[in-house]
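What follows is a short report on a single structure.
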Protein chains: 2
Amino acid sequence: MEADHVIRALAALAQEHRLAVFRLLVQAGAEGLAAGVLAERIGVPPSSMSFHLTQLANAGLVTQRRESRSIIYSADYAAMNGLMGYLTENCCGGVPCGDAGACQPDPARPDPARKANS
Amino acid sequence: MEADHVIRALAALAQEHRLAVFRLLVQAGAEGLAAGVLAERIGVPPSSMSFHLTQLANAGLVTQRRESRSIIYSADYAAMNGLMGYLTENCCGGVPCGDAGACQPDPARPDPARKANS
DNA sequence: CCAATGATTCGATAAATATCGAAATATCGA
DNA sequence: TCGATATTTCGATATTTATCGAATCATTGG
């Protein structure tokens, strides 16, 4: 992962609402969440959420797919993995994590249908 | 680590010059580097470097100490560690890393295959 | 004390970001 | 086709960020 790409990913996560969105998407796993659901859970108007989702997508951290009228966003674990790899390698003294530290689609989350905003 | 703190740390690293500075400081280890040296290496005027160093310090990612006329900046590995921990915990599906992934002062690149602490 | 050195603060300015309502664009069900 | 639903795009605006030279503050050596 290149520095320029890393910077865009960091900038995408360096915002209250976007970080919250990404956390929700990580919890949601491959199933993902619709833009409107995210807007409601985070508490911002749809147009604002659309702006933030564009930023996240532009940084490569999320993917989108259309499902009927909704557009479903999902976290891109590979991208997050790449970001973590860069930070570990370049900003942590190069102490890696073996192979156990890979970002994965939520190993301990049985039911993503439960809403959990705190 | 609180979300608000995490966001400031992410924002601090989400800038070309500051990311470069932090990488230099990680490489430099506990010895650190003077503000002027950083300004020269990165290629920005001292006042601009001071601005960026303030951002990094404000985010808790670097510490400073005066040494004669110079002010020496060092990477705060614990803070970076906290950031990585938060991201792993909240943005990576909660796949932890044991203690092997801790950020450390770059002791000349140790064996990458090193597993959990013995 | 004074001049030199290293760093920060202070303007002032250009650029990027975040916000949100209104309008436009898809999709579906009937 | 029509109306309802879901999302994005478009303006317009307020805020934050990045930049840099000039001035200021702190430290050292003579």
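Atom CD1 in B:Ile72 sits roughly 14 Å away from atom P in D:dT27 (whole-Å rounding). Rounded to an integer number of Å, the gap from CZ of B:Arg18 to C1' of C:dA16 is 13 Å. Between B:Glu67 atom CD and D:dT28 atom P the separation is 11 Å, expressed in whole Å. Atoms CD (B:Gln55) and P (D:dT17) sit 7 Å apart, rounded to a whole Å. In this entry the distance linking CE of A:Met49 with C1' of C:dA18 reads 13 Å, nearest Å. Distance A:Ile42 CD1 to C:dA18 C1': 15 Å, rounded to the nearest Å. Taking atom CZ on B:Arg8 and atom P on D:dT17, their separation rounds to 11 Å, with Å as the unit. Rounded to whole Å, the distance from CG on B:Leu56 to P on D:dT17 is 13 Å.
Taking only side-chain atoms of B:Ser47, from C-beta outward, the nucleotide of D:dT8, C:dA7, D:dA22 with the closest atom is D:dA22.
Rounded to the nearest 0.5 Å, atoms OG1 (A:Thr63) and CG (A:Leu56) are 11.0 Å apart. Remark: A:Glu16 CD to A:His52 NE2 distance equals 9.0 Å, nearest 0.5 Å. For the atom pair A:Gln55 CD and A:His17 NE2, the distance stands at 13.0 Å (nearest 0.5 Å). Atom CG of B:Leu13 is separated from atom CG of B:Leu83 by 6.5 Å, given to the nearest 0.5 angstrom.
Proximity of A:Gln15 to the phosphate of C:dT19: a side-chain N or O atom is located under 4.0 Å from OP1 or OP2. Checking the phosphate oxygens (OP1, OP2) of D:dT7, a side-chain nitrogen or oxygen of A:Ser70 falls inside 4.0 Å. The shortest distance between the side-chain N/O atoms of A:Tyr73 and the OP1/OP2 oxygens of D:dA6 is not below 4.0 Å. Between A:Arg69 and the phosphate of C:dG29, there is no side-chain N or O to OP1/OP2 separation shorter than 4.0 Å. Phosphate contact (OP1/OP2 of D:dA26, side-chain N/O of B:Arg66, threshold under 4.0 Å): absent. Side-chain nitrogen and oxygen atoms of B:His17 include at least one within less than 4.0 Å of the OP1 or OP2 phosphate oxygen of D:dT19. Phosphate proximity of C:dC20 to A:Ser48: present, with a side-chain N or O under 4.0 Å from OP1 or OP2.
No engagement by A:Ala39 is indicated, since no non-hydrogen atom pair under 4.0 Å with the nucleic acid exists. Residue B:Pro46 is in base contact, counting any heavy-atom pair closer than 4.0 Å across all strands shown. Heavy atoms of A:Ser68 sit under 4.0 angstrom from primed sugar atoms or phosphate atoms, though from no base atom.
Side-chain atoms of A:Val44 and A:Leu38, non-hydrogen and from C-beta on, never get closer than 4.5 Å to each other.
Within the shown strands, D:dT1 is the pairing partner of C:dA30 under the Watson-Crick or G-U definition, both distances less than 3.5 Å.
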